[in-house]
Amino acid sequence: MLSIKAFKLNKQKEYDRAILLYREAIEIEPDNPKLFFDLSDCYFEINNLEQAILILDTAILLDSNYAPFYNNRGLYYCNLNKNKKGMIDLKKALQLDSSSYTIYLNLALAYYFDNNLVEACDAFKNSKKLGLNLKQITDQVKLMKLDKICN
């Protein structure tokens with residue numbers, strides 16, 4: 001199955017090959033939003049955020065009720081310094097799934113980048129309440145800085 005091979009290539013950091021296989025899989029299953037989601041991740045990994053966002057737009061058109069689509073697109077917008085757009089998507093993701101510490105963590109970053117430390121700390125604390133393990137973020141300077149600010 002193409003999508004399984006593409007997923008393995010993605011995990012092996014062979015993004016260009018994974019992209020080719022995901023595109024083949026999409027030709028066979030053009031209504032499968034998960035394929036678009038995984039394809040967008042490959043584009044994110046090669047730092048083509050605009051393309052990753054466009055692909056997630058398609059995933060959202062196919063399934064507008066899956067929180068990770070909005071979570072990732074929100075994160076990608078924030079990485080492009082489009083924090084307001086990112087926050088809109090991250091808040092939509094929370095409406096769909098308020099139990100995900102990852103969404104709260106990304107929202108905390110969006111608020112932090114927007115210089116709204118009160119909201120950033122609230123979201124960061126919610127992320128910790130929902131299961132964020134600080135050991136997971138020790139290599140992420142901005143999140144560690146946010147942790148110090150919020151304590």
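For clarity, every value in this text was computed on a predicted model and none was experimentally measured.
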At their closest point, which heavy atom of [X] faces which heavy atom of [Y], and how far apart are they?
X: Cys42; Y: Ile19; result: CB-CG1, 3.6 Å
X: Ser3; Y: Ala25; result: N-CB, 4.3 Å
X: Arg73; Y: Leu56; result: N-CD1, 3.4 Å
X: Phe36; Y: Pro30; result: CE1-O, 3.4 Å
X: Ala110; Y: Cys78; result: CB-SG, 3.4 Å
X: Leu146; Y: Leu109; result: CD2-N, 4.5 Å

Do [X] and [Y] share a hydrophobic cluster (ILVMFWY, side-chain heavy atoms under 4.5 Å, transitive)?
X: Leu21; Y: Tyr43; result: no
X: Ile53; Y: Leu90; result: no
X: Val141; Y: Leu143; result: no
X: Phe37; Y: Phe44; result: yes
X: Leu9; Y: Tyr15; result: no

Take Gln51 and Asn48 through the test side-chain hydrogen bond (donor to acceptor under 3.5 Å, both in side chains) and record every step on the way to the result.
CA-CA 6 Å; Gln51 187 65 32; Asn48 188 339; 5.1 Å; no
Name all residues meeting the side chain to side chain contact (heavy atoms under 4.5 Å, CB included) criterion together with Ile28; count only those two or more places apart in sequence or in a different chain, and write none if there are none.
Leu2
Suppose we screen for side chain to side chain contact (heavy atoms under 4.5 Å, CB included). Which residues come up paired with Lys145, at least two apart in sequence or across chains?
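Scan of Lys145 (side chain to side chain contact (heavy atoms under 4.5 Å, CB included), adjacent residues dropped) gives Tyr112, Ile149.
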Are the side chains of [Y] and [X] in contact, using a 4.5 Å heavy-atom criterion?
X: Leu107; Y: Glu119; value: no
X: Leu49; Y: Tyr77; value: no
X: Ile60; Y: Leu62; value: no
X: Ser64; Y: Phe69; value: no
X: Tyr76; Y: Glu50; value: no
X: Asn65; Y: Asp63; value: yes

Atom pair [atom1] ([X]) and [atom2] ([Y]), whose distance is rounded to the nearest 0.5 Å:
X: Leu130; Y: Thr102; atom1: CG; atom2: OG1; value: 9.5 Å
X: Leu96; Y: Ile103; atom1: CG; atom2: CD1; value: 8.0 Å
X: Tyr66; Y: Asn72; atom1: OH; atom2: CG; value: 9.0 Å
X: Glu24; Y: Lys5; atom1: CD; atom2: NZ; value: 9.0 Å
X: Leu80; Y: Leu75; atom1: CG; atom2: CG; value: 10.0 Å
X: Leu35; Y: Ile26; atom1: CG; atom2: CD1; value: 5.5 Å

Under-4.0 Å salt bridge between Lys85 and Asp89
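Between Asp89 and Lys85 there is no salt bridge, as every charged N stays at least 4.0 Å from the carboxylate O atoms.
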Inspect the contact between Asp147 and Lys128 and indicate whether a charged nitrogen and a carboxylate oxygen are less than 4.0 angstrom apart.
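Yes, charged N to carboxylate O under 4.0 Å.
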Among Gln95, Lys91, Lys92, side chain to side chain contact (heavy atoms under 4.5 Å, CB included) partner for Tyr70:
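Exactly one candidate clears the test, Lys92.
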Answer with yes or no after comparing the ring centroid distance for Tyr104 and Tyr101 against a 6.0 Å cut-off, counting only values under it.
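Centroid separation for Tyr104 and Tyr101: 6.0 Å or greater.
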Quick one: ring pair (Phe, Tyr, Trp, His ring centres under 6.0 Å) partners of Phe7, sequence neighbours excluded?
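Result, ring pair (Phe, Tyr, Trp, His ring centres under 6.0 Å) vs Phe7: none returned.
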Quick one: does any side-chain atom of Asp114 pair with a main-chain N or O of Asn116 as donor and acceptor, under 3.5 Å?
no
Quick one: does any side-chain atom of Asn10 pair with a main-chain N or O of Ala6 as donor and acceptor, under 3.5 Å?
no
